[in-house]
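Chain naming here is simple, since letters A, B, ... match the order of the sequence lines and numbering starts at 1 in each.
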Amino acid sequence: MIARLSIGHRLTVLLAGVAALLSLLSWWMVSELARQAAARSQDNVLAASATTIAETIRSEQGEVRLELPYSALSMLGAISEDRVFYKVVAGERVLTGYDDLPVPTDAATGARVAFETGQYSGEAIRMASVRRTVLAGAGPVPVVVTVAQTLSGVDAVSGQLSRLAAALSLAFFLVAVGLSVFAARASLRPLNAFAQAVSRRGPSDLRPLRRDAPPELAPLRGALNRLMDRLGQSIRRSEDFIAEAAHRVRTPLATVRAQAEIALRSAESEESRQRLRRIIRAVDESSRSAGQLLDHATVAYRAEDLARDRIDLGELVAQAAAALEPTATMKDIAFHIATSQARVVGDAVLLESALGNVLDNAVKYSPDETTVHIAVSAEEGVARITVTDEGPGLGEGPIETLTERFRRGGNTEGVVGSGLGLTIAADVLAAHGGRLDLRNAAEGGGACVTLVLPAD
Amino acid sequence: MRDARLAGGLRLGLRLGLRLGLGLCVGLWATLAAALEVENRKVYPGTTDRTLSIVSTADLEVFEPYIQRFQQSHPELTVDYTVASSVELYRAIRDGAAFDLAISSAMDLQLKLANDGLAQSHRSDRTDALPDWARWRDLIFAFTAEPAVVVMSSRALDGAPPPATRQELITLLRDNPERFRNAIGTYDVRDSGLGYLFATQEARSTDAYWRLSEIMGRLSPELYCCSGQMVDAVISGRLSLAYNVLGSYAAQRMAQEDRRDIEIVQMQDFANLMLRTAIIPATATQTTAAGALIDMLLELGLRETPGDWPLPPLSQGTSDFGPIRLGPALMVYLDPFNRRAFLAEWENALVQDIVIEP
């Protein structure tokens, strides 16, 4: 569950969680401090009040006397509307005040001023006691003055500050959440940039990544580069293998074909000749397929390190047409070539192979005694070679898939083919930054294949 | 306005108690009567038996309009109104007498009741509208602000302008002892809760108080329990000067009598401003009704113009010296040590050859 959560969300949630914790902590701390400060100021006033009373204590004719100063209680009334209680005890005798008011336990023994929280008259109270010894009658008499106040004032002040602290903590938390989102995005930016750099690459681009990355991403970059390196090697090995295999198959096939032709010439019965012709056709197809496999391997191999020749497309077309002339003549197919000036920069071998495959397809699928139109054009930085035939067209199926390996059109029954021709052409064009456009010719069917290349 | 009456009480309570003792509800009333010296009592019947019992220092005739107004909006409530002195009222609530509302002019005693947990809290929009100085802890609410004044007959002034400060009053008394001998009236602070409150607050606020008391003491003053009697004595010509009289009451009486030869003087150097306060005692049972009555009193207390009501609104509380502050400091002079010391000093000053009236 958490493993599937986005890193951005995790970071945001974690940072927000930390912020929430800190907010709560700060709220609690401020509340606690406010409560203590309020309690302490109440303690101070209580102590001052008790001290003021204690200072009026005197001995008159052997009796302990005192006077409750107005300020003693008015200072308590000034800080809050709390109830006030007091009690003065001399020795064991309550001199004045609330008889049953509790007294801090260490009032008689401990420090001069003692504080305690207690319960009186149904409410929590804070007591402060001041001890003083007065010489009265036979000897010294300890006098303890206790002043007490209820806690609603302290509660009100600390409650108010606590609410204020809560509001501030909440604001702090909200700001922190905003910053967490920002921080999560900022720290993920290099990762996203890295991912984009990888995903922007072409399908066969296996060059190592050279991009600068934060140290945390360096292992990932290294692993990716090693993976791509291994992948590239493995692809190359299999291409080599295919090329080697195709090459090895082609040579014996040529021998088989030569032998079959000799046998055809010396064959006497028509039945034998028929058989031998079928053998020769099959051998031709196998040899063609092997050639295409070899082409394909060449494309894959050379695309990685493209030669950059200046090529005149008119010449290219002329050569390709010339190469297919014998096959075309066998079917009485004429080439109609319309060229205009168009130059590209690229790998002549690959482009020749691409065009050859497209023309080969056109010848293969054209009925006898038809014309294949080849047009070369260049405009707006784009060079085009358009090959139009009068054959059955590209069929009903999805046209884009025809450039996939070993994929053949839906109307190719009766025609032998490997399904590699368009794949090779498309790969070559892609390697040159161009593309292969496939469509059915407008009138009367026929395929229209366009090789699109960036012009020189 | 009988604010305190310990010595001169009519002991109506005992009489009522005896009378009712013949009836069926002997027990309760007898104990109540024993706890409280009742000066006056009246029941204002409502449509039901639900009774709101009030104990107050305000006289019947003063408070009756308020009760009538209250019963207009709460006709179902029977109101049982008992008049007692502030000290008696304090003692009764302290001893747990069952009243739903206690209204007194002795702020210190009321505050002590509230402080000692003998009052219930009440909160409403009306109490929230009160200024801070007119309430304490949602327990005690002021609904009038009544200044202490000096009432003098013009005859005693003999054409001179009335004294504006205590110093001028001292000079007047010192220079004309013959006019004021046996003709000064003031509170007997030993019996009157309000008198004691006025005296202690004044002694705290101005040192002229003791000098004035000394002078008055030499002129054999008459000591009263209540403002009303002092004002009546000035009107009847028995007194030339009544010191520390409730201004509201004096003004009302002057208006009734239409006496232009009597001056009501407010001292400029310091003047006490008493707040009449209400609390809901802890023993109250009709707390909702008591709260409603408090709200009505506060509504009247917050009115802008005096109007026809017998008691003045709170708006006077914002005058020069401000009201006596509601707070625990009021309890200072209730401490037995302080009280003993203060009364001793007061007696030294004022009771030089004592005449107590009536």
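Neither the backbone nor the side chain of A:Q149 comes within contact range of chain B; no heavy atoms are under 4.5 Å apart. Neither the backbone nor the side chain of A:S71 has a heavy atom closer than 4.5 Å to any heavy atom of chain B. The contact between B:R204 and chain A is made entirely by side chain atoms (from C-beta outward), counting heavy-atom distances below 4.5 Å. Using a 4.5 Å cut-off between heavy atoms, B:R339 makes no contact with chain A at all.
Salt-bridge annotation for A:R83 and B:D116: absent, with no side-chain N of the basic residue lying under 4.0 Å from a carboxylate O of the acidic one. Ionic pairing of A:E63 and B:R340 is not present here: no N-O contact between side-chain nitrogen and carboxylate oxygen is shorter than 4.0 angstrom.
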Requested in this report: Check step by step if side-chain contact (heavy atoms from CB on, under 4.5 Å) holds for A:F85 and B:N115.
Outcome: CA-CA 8 Å; A:F85 311 102; B:N115 185 74; 3.9 Å; yes
Report task. Report the C-alpha separation of A:L68 and B:F337 in whole Å, then their side-chain angles, then the decisive distance to 0.1 Å, and conclude whether the side-chain contact (heavy atoms from CB on, under 4.5 Å) test is met. Result -> CA-CA 8 Å; A:L68 203 60; B:F337 276 105; over 6 Å; no
Query raised in the report: Under the side-chain contact (heavy atoms from CB on, under 4.5 Å) criterion, do B:V332 and A:E67 qualify, and how do the steps go?
Result: CA-CA 9 Å; B:V332 164; A:E67 181 190 327; over 6 Å; no
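A 6.0 Å sphere centred on CZ of A:R58 holds more than 12 heavy atoms belonging to other residues, nucleotides or ligands. Heavy-atom neighbours of A:L164 CG from other residues, nucleotides or ligands within 6.0 Å: above the threshold of 12. Under a cut-off of 6.0 angstrom, the local environment of CH2 in A:W27 is sparse, with at most 12 non-hydrogen atoms contributed by other residues, nucleotides or ligands. The 12-atom threshold is exceeded at CG of B:D128, counting heavy atoms of other residues, nucleotides or ligands nearer than 6.0 Å. Residue-environment remark: CD (A:Q36) exceeds the threshold of 12 foreign heavy atoms within 6.0 Å. Other residues, nucleotides and ligands contribute at most 12 non-hydrogen atoms within 6.0 Å of the CD atom of A:Q61.
Of all heavy-atom pairs between A:V84 and B:M331, the closest is O-CE, 3.6 Å. For A:A78 against B:R325, the heavy-atom pair with the smallest separation is N-NH2, 3.9 Å.
Between the side chains of A:Y86 and B:D335, at least one donor-acceptor pair of N or O atoms lies under 3.5 Å.
Residue with the most contacts toward chain A among B:G327, B:A341, B:G117, B:P336: B:G117 (heavy-atom pairs, distance under 4.5 Å).
From B:L330, atom CG reaches atom CG of A:L73 across 10.0 Å, with rounding to the nearest 0.5 Å.
A distance-only check finds no donor-acceptor pair linking the side chain of A:E81 to the backbone of B:W136 [under 3.5 Å].
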